[in-house]
Structures are given as C-alpha cells and as structure tokens.
Amino acid sequence: MSSDDQPNGAEQLALIRETVRKARPPRAKPRTWRDAAMAEHLPVARVLVNKGVVHLDRTFDYAVPAELDAEARPGVRVRVRFGAGKGQVRGGRREGGGLVDGFLVERVATSDYQGPLAALAQVVSPEPVLSPALLTLARQVAERYAGSLADVLQLAVPPRHAKAEAAASPAPPPPPPAPEPGDWERYPQGPGFLAALARGESPRAVWTALPGPQWADELARAVAATLASGRGALVVLPDGRTTARLDAALTRLVGPGQHAVLTADAGPEQRYRSWLAVHRGAVRAAIGTRAAMFAPVRDLGLVALWEDGDSGHSEDHAPQPHAREVLVLRATREAGAEGPPAPAFLLGSVGCTVEAAQLVRGGWAHPLAAPRDTTRALAPRVRTIGDTEVARDPAARAARLPSLAWETAREGLRHGPVLVQVPRRGYAPRLACDRCREPARCRNCSGPLEAPDAERLTCGWCGRTETDWHCEACGGARLRARVVGARRTAEELGRAFPAVPVRTSGREQVLDTVPGGPALVVSTPGAEPVADGGYAAALLLDGWAQLARPDLRAEEEALRRWLGAAALVRGQGAGGTVVVVAEPTLRPVQALVRWDPVGHALRELEERAERHFPPVSRMAAVSGPPAAVSAFLAEAELPPEAEILGPVPLPVTPPGRPRRPGGPPPGEQWNRALVRVPLGGGTRLAQALKAARAARTARRGAGVEQVLVRIDPPDIG
DNA sequence: AGCACGCCGACT
DNA sequence: GTCGGCGTGCTC
C-alpha cells in the first residue's frame with residue numbers, strides 16, 4: 001500500500017490536519033479528532049461500514065485515536081461517523097454523519113483517501129469476531145450470489161450480546177479417540193472415509209444414506225474422527241429436529257463438551273454464546289441449521305451437510321445463499337492459495353439431488369453408497385397403485401383409499417404404526433378436469449384455478465372467484481380431487497379404522513416420535529415423526545398432487561419426500577411395506593420402487609444438460625416492474641455467452657393474499673427474466689448483475705424502479 | 001438511504 | 001440580489 005515517497009501514517013495525518021486547518025474555519029473542524037493524539041503505529045483503520053440498505057461494498061479509512069490503539073484490532077466491531085456532509089457543524093457542535101456500525105478489517109500505515117480522515121468513534125467490543133477466514137468466506141459468498149458483503153456479514157456474524165461476551169470461555173477439551181466405524185461398515189468405503197478423516201486427510205464424498213435412523217450416529221462418527229485428527233468439524237442440518245438427533249448422537253459418542261449447537265430458536269443470548277464458544281476455539285465442532293454454514297470453526301477439518309434437498313438449507317435473507325454451495329466453497333481452495341488446507345466434505349442424504357449427482361459426475365466428490373443388496377434388504381418393499389383404482393370396501397372408499405392401500409394399512413396395523421403421508425393443503429397444483437385432465441383455467445384471465453379452501457374456487461392470477469366452472473375441453477363439471485389436508489384425512493381414516501388411534505403431525509404441530517404400537521400417523525411431508533422400531537407400513541397418498549406442480553424440480557422433490565417417509569419404515573426383511581398412490585409408469589415412482597435415488601438424479605442431470613438448465617448452467621432471475629426488468633437487461637453488460645430467457649409475466653399476487661418472497665406486491669404486474677451462462681461463467685454473470693444493480697440503485701429516487709436479482713432461483717418451471 | 005451542493009426561475 | 005426548487009453525487 002505505502003510507497004517509499006509517501007509520508008508515514010502519523011506524518012500524513014498531521015499533514016491532513018494542517019490542510020484542514022487552513023482549508024476550513026476553525027469552528028468547522030471535526031470535533032472528534034481536533035487535537036486528539038492518533039495511534040503511532042498503523043494509524044489508519046480500514047472499516048467495513050454496515051449502513052442498512054446501502055450497498056457499500058468497500059472499506060472506508062478512519063484514523064485510529066491513540067486511546068483506541070490497543071483495542072482497534074482487525075475483526076472488531078466499531079462505530080464510526082458516516083454520511084454526507086464534510087465535517088459541517090450541526091446543532092452547534094456535532095460532526096456530520098451519524099454513528100453507524102462497522103467492522104474493522106485491517107490496520108494500515110497510510111490511506112489513499114485525499115480528504116481528512118475522521119476518527120473511529122468507538123470500539124464496540126475487543127472481540128475480533130470477523131476473522132480473516134470468515135471475511136474471505138463472506139467475500140466469496142457475496143461474489144457467488146451477486147450480493148453485498150454487508151448482507152452476507154449480517155448472516156455470518158450473529159448480533160452481539162454483551163453478557164454472553166463477558167463470560168470467559170473454557171479451554172477446549174482434549175480430542176476424543178478415533179471412533180470405531182460402527183454402522184459405516186455397511187458401506188464399502190465407509191471405514192476408509194472415517195480413517196482418512198482421523199489421519200487428517202480431506203476426502204470429499206456424496207453419501208447415499210441407507211434408510212433408517214443410523215445416519216445421526218454415522219455423522220457423529222465422522223465428526224469424532226475429524227476431532228481425533230486435531231481438527232474441527234461443522235455439520236449443517238435442515239431443521240431443529242434433525243439437529244437435535246445429531247446432538248444426541250454426538251453426545252452419546254464423545255460426551256457433551258466437544259460441540260456447540262447453533263440454532264436460531266435458542267434465542268439471541270444463547271445463540272451468541274454458542275457462536276462465541278466456536279469462534280474462541282472453546283469447542284472444536286459445531287452443528288446446526290443453515291446459519292451455522294458460516295460457523296467460524298477453528299482448523300476446520302470437515303464440512304458436512306445432511307439432506308441437501310431440503311428447502312430449509314436455502315437462506316431466505318439476501319443474497320439467499322444455499323448451505324450446500326457455501327460448504328462447497330469452504331471445502332474448495334484454489335490451487336496455490338494461501339492459508340490452511342481445505343477441509344473434507346461430506347454430503348449425506350437418503351435421496352440424491354441433481355446438484356449432488358453433479359459433484360460426483362464432475363469428479364469433485366466420490367460416491368459413498370451401500371451395495372445394492374444391502375440397500376434392498378434395508379429398504380421397505382414399495383408397491384404402487386394408480387390413483388384411478390377405487391376400493392370395493394365402502395369404508396376404504398370413504399377414506400379415499402385404493403384397495404391395495406387399504407389392505408396394506410390393515411395388515412401393517414397388526415404389526416405396528418402405519419404412516420400416512422398427505423401433501424400439504426395449499427400445496428395443491430393446478431386443478432384439472434376430473435374427466436379429461438384439462439387444466440382448469442380462469443374465464444377472466446386464463447390463470448390457473450386454485451381451491452384455497454373446500455368451498456371456494458379462485459384464480460391464482462387475478463383472484464376472481466369462480467362459481468360455475470365447466471371444462472373448456474369436454475364440458476365436464478367436476479374437478480379432480482383437490483388435496484385434502486392432514487386433519488380431514490385423519491378424521492376419515494379414524495372412521496375407517498375405528499379401533500386404532502390416529503395421530504397427526506403437520507405444520508402447526510410436529511410430532512418428534514411415536515411409540516411402536518399400532519396407530520395411524522397422518523403427516524405432511526417433512527413432518528413425519530420417527531416411529532419406535534420403525535413403521536410397519538406407509539401410505540403415500542395423492543402422489544399426483546406432488547408431481548403435477550409446474551416446477552423443474554417437482555419430480556425430484558416428490559421422490560425426495562417419498563424416500564424421506566419410506567426411510568422411516570422397517571426394511572422389507574422385517575415386513576416393512578410402502579404403497580405409493582401414483583401412476584406406476586412415472587420415473588420418480590419407478591425410482592422409489594427400485595430405491596434408486598442416484599440413478600434418478602443422474603438421469604435428471606442428463607436432461608438438464610441437454611436443456612442447458614441448472615446445475616449444468618448457472619442461472620439468475622431478474623424480476624420487477626416490466627419496464628424496469630427490460631431496462632435493467634439492456635443496461636447490464638452481461639457476458640457474451642449469457643442467454644436471456646423471457647421476460648415473462650409473473651403471476652399476480654391476488655389482493656389480500658400474503659406476498660410471496662421475491663414476488664410482486666399484491667395487485668402489481670411483474671415480469672421475470674432468466675439469465676443463464678454455461679458453468680464457469682457464474683462469477684462473471686454475478687459480477688455483471690451486481691454492477692448493473694449498483695448502477696440502478698445509485699439512480700434510485702429519480703423514478704428509477706428497482707429490480708430483484710436472485711442467483712440460483714429455486715422455482716424455475 | 002440521507003444529505004449537501006448546485007444551477008435555474010420568482011420573489012422582496 | 002437572494003430564496004428555494006429538486007436533480008446529482010458522495011459518504012473516510
């Protein structure tokens with residue numbers, strides 16, 4: 001930074017002071033540093049200013065007062081005066097600009113800034129929360145997602161809590177011994193993977209987990225093996241329930257003192273306390289939900305992710321990074337880069353996302369899967385039944401069960417609990433004619449008709465209520481069965497099986513576990529309780545509803561949800577049976593029957609490659625008022641290989657309906673364009689979009705409407 | 001985002 | 001002359 005012919009920092013500051021004295025009337029001198037002594041060594045602080053909506057992605061230089069010299073170390077939280085007004089006097093004596101929070105990133109000898117430097121107003125706390133490694137990661141994530149560094153830091157560094165900070169952190173416990181392989185023996189490469197972790201190596205694997213509850217213990221062993229090598233470990237899980245299971249397994253294996261649990265529901269104080277324990281190195285392992293993806297684990301030796309297909313891994317705050325992508329960044333170090341060696345990587349899931357398949361296909365990670373016959377023995381028997389079949393038994397008909405499902409439930413209840421998975425209400429796809437399957441459209445605007453409740457029929461675009469629908473194609477008057485919620489399904493099943501207790505688990509009330517006795521357990525996807533000893537059977541109802549969603553990921557998602565439920569059922573050796581009510585010829589249905597999630601993901605990956613869809617390309621969505629989207633695309637200096645799809649109108653949020661994240665405000669017509677580039681051009685695309693948006697933000701106010709930019713949009717149909 | 005600066009028209 | 005409109009640009 002400094003060159004030989006420049007004055008040293010202290011001299012430069014003195015010069016600046018002189019200049020200012022001459023240039024401005026004495027009363028206008030910024031009060032903060034008038035006559036104040038500055039730090040002698042490295043008197044300039046580079047500060048990353050955290051100013052709300054403003055996207056200031058650069059540091060600003062401040063002078064370090066002598067009395068803050070000791071505390072003003074890189075990484076600490078500071079407060080500085082920031083804002084327009086060149087030191088003008090307001091209210092008699094105040095310096096221009098308000099106090100804003102920031103991070104001190106670096107101490108340097110000189111500043112390139114030509115004007116007078118303001119002084120650091122305050123070192124909020126001496127805790128250097130923004131370590132160089134965390135700053136580097138945050139910069140990478142901001143770059144990957146076309147977001148601002150300030151936004152990412154807000155996700156990566158939890159809010160300070162003074163009481164939690166005041167408490168001293170203990171020294172870390174001695175590392176545990178390397179664990180036995182345990183259930184990893186079921187995978188040919190399992191024990192070797194564990195041994196490599198224990199030796200301090202950094203293997204990368206995509207692990208197709210066998211059905212059953214052992215995954216938590218297996219993840220715990222991977223953590224323990226990494227700890228045994230003297231390194232730290234990080235595991236990100238999709239929700240609090242799975243985090244609690246790993247917490248219990250890890251505590252069983254290595255005791256309570258080796259890891260911290262980072263979850264949002266712990267409350268701000270506990271959350272910051274746990275985060276600090278990780279940051280200070282008082283614990284070497286961290287587990288938790290998506291915010292933990294940034295956890296500043298010391299000497300990171302392993303990053304692991306459980307169930308990367310779960311939507312819980314997608315951060316919903318800007319720039320909406322995905323835990324899998326962030327952990328891939330953490331496990332990747334460019335050749336020749338400085339710093340510690342990259343950690344090992346473990347992505348575990350019962351199913352297989354297209355992105356996970358790509359990590360293997362591209363050679364970045366190795367597959368870690370059980371032999372075919374092991375999988376077959378441990379997975380339940382899966383049978384399919386088309387949804388046109390209707391049961392003979394009147395009780396089954398009343399419960400809308402095909403006879404095979406009815407028989408399976410009756411048989412299963414003799415041996416234990418039976419799980420019934422029903423799609424969430426409101427998850428309903430477009431309604432269709434019951435006779436010819438023509439989608440039901442609004443007579444007003446041709447939008448898709450929806451059934452917000454059992455009584456009404458409304459348009460998903462314009463919100464108009466339809467009272468007398470008839471099929472445009474065949475004149476039919478009946479709509480295809482709308483999705484019935486978990487509660488009503490439970491009532492109907494209760495009448496069909498009067499002697500059996502019925503329990504429900506859904507969004508409002510999620511059951512964690514159920515006992516091993518006969519019971520019907522009705523659950524929405526993702527809320528399935530674990531049954532003691534495993535379910536005897538499972539019925540996966542209304543498969544058509546999961547498959548009919550107009551989304552690129554509908555099939556993958558349906559398979560993931562079915563596998564998630566089926567993995568809680570006893571293996572077919574123990575009589576476990578699953579019935580999926582869906583068209584048997586469909587690909588995800590067949591993948592479930594064969595229990596072949598990887599094959600399904602690979603096939604899907606091939607199709608995405610043919611169609612140049614993610615993850616084989618990198619995509620970004622630009623949405624906003626139509627004129628703004630068009631202008632934005634015209635202004636943006638996109639890379640030459642970029643391809644623009646659309647823009648197309650987005651569905652209008654009907655008045656009174658809550659606004660979807662990233663969607664238009666109620667009643668407003670928005671457009672959305674997709675921009676895609678071949679893999680490898682992602683960084684250039686993100687840079688171009690970020691620059692274009694920054695330019696637009698600068699012109700805001702003058703009637704320049706803003707657009708939303710989202711990298712890796714989750715819903716592309 | 002704020003907030004000041006600046007360059008044009010109507011007023012005391 | 002000078003007050004103030006908001007369009008433009010900067011914030012260490």
Side-chain angles (χ1 to χ4, degrees), chain A residues 1-2 6-21 23-25 27-34 36 38-39 42-66 68-69 72 74 76-124 130 147-151 153-154 317-318 635 690-708:
Chain A
M1 261 297 139
S2 65
Q6 277 186 321
N8 72 35
E11 282 168 3
Q12 186 189 40
L13 283 170
L15 281 174
I16 291 165
R17 269 202 294 276
E18 285 311 308
T19 320
V20 171
R21 283 222 175 90
R24 302 187 181 284
R27 275 172 54 90
K29 267 186 300 185
R31 190 166 204 261
T32 339
W33 51 270
R34 177 175 50 185
M38 293 297 140
L42 302 179
V44 176
R46 297 243 147 97
V47 175
L48 206 57
V49 178
N50 235 347
K51 192 151 189 284
V53 199
V54 196
H55 297 150
L56 295 164
D57 257 11
R58 31 176 290 240
T59 58
F60 289 84
D61 291 350
Y62 285 83
V64 180
L68 295 181
D69 185 24
V76 299
R77 298 181 212 253
V78 294
R79 279 161 79 70
V80 293
R81 296 224 170 261
F82 187 85
K86 295 174 183 171
Q88 84 286 3
V89 177
R90 285 189 295 144
R93 45 186 55 107
R94 257 187 59 204
E95 187 183 341
L99 275 177
V100 296
D101 292 316
F103 294 101
L104 197 164
V105 164
E106 199 182 6
R107 288 276 299 266
V108 290
T110 60
S111 170
D112 291 339
Y113 185 60
Q114 304 295 31
L117 293 186
L120 290 181
Q122 187 191 350
V123 172
V124 175
L130 185 58
S148 75
L149 186 55
D151 280 348
L153 286 177
Q154 205 147 355
H317 293 107
E635 294 157 13
K690 189 172 168 177
R693 200 175 43 166
R696 229 177 149 72
T697 306
R699 285 181 291 140
R700 87 161 56 239
V704 176
E705 293 177 299
Q706 302 300 301
V707 297
L708 290 177

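These numbers come from the heavy atoms of this one structure, side chains and all, not from hydrogens, waters or symmetry mates. Letters A, B, ... mirror the listed sequences (proteins, then strands); counts begin at 1. Not measured: the values here are computed from a predicted model.
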Legend entry - Phe60(A)-dC12(C) aromatic stacking (under 5.5 Å, under 30°):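 The base of dC12(C) is not stacked with Phe60(A) (the test needs centres under 5.5 Å and planes under 30°).
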Nearest-Å distance for atom pair [atom1]/[atom2], residues [X] and [N]:
X	N	atom1	atom2	result
Tyr113(A)	dT11(C)	OH	C1'	7 Å
Leu48(A)	dC12(C)	CG	P	15 Å
Asp112(A)	dC12(C)	CG	P	16 Å
Phe82(A)	dA4(B)	CZ	C1'	14 Å
Leu117(A)	dT11(C)	CG	P	12 Å
Tyr62(A)	dT11(C)	OH	P	10 Å
Asn50(A)	dT11(C)	CG	C1'	15 Å
Asp57(A)	dC10(C)	CG	P	17 Å

Work out which heavy atom in [X] is nearest to a heavy atom in [Y]; give both atom names and the distance.
X	Y	result
Tyr113(A)	Asp61(A)	N-OD2, 4.5 Å
Lys690(A)	Ser148(A)	NZ-CA, 4.4 Å
Arg107(A)	Asp69(A)	NH2-OD1, 2.7 Å

Inset, instruction - Report the distance from atom CG of Asp101(A) to atom CG of Leu48(A), rounding to the nearest 0.5 Å. - result: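 It is 12.0 Å, given to the nearest 0.5 Å.
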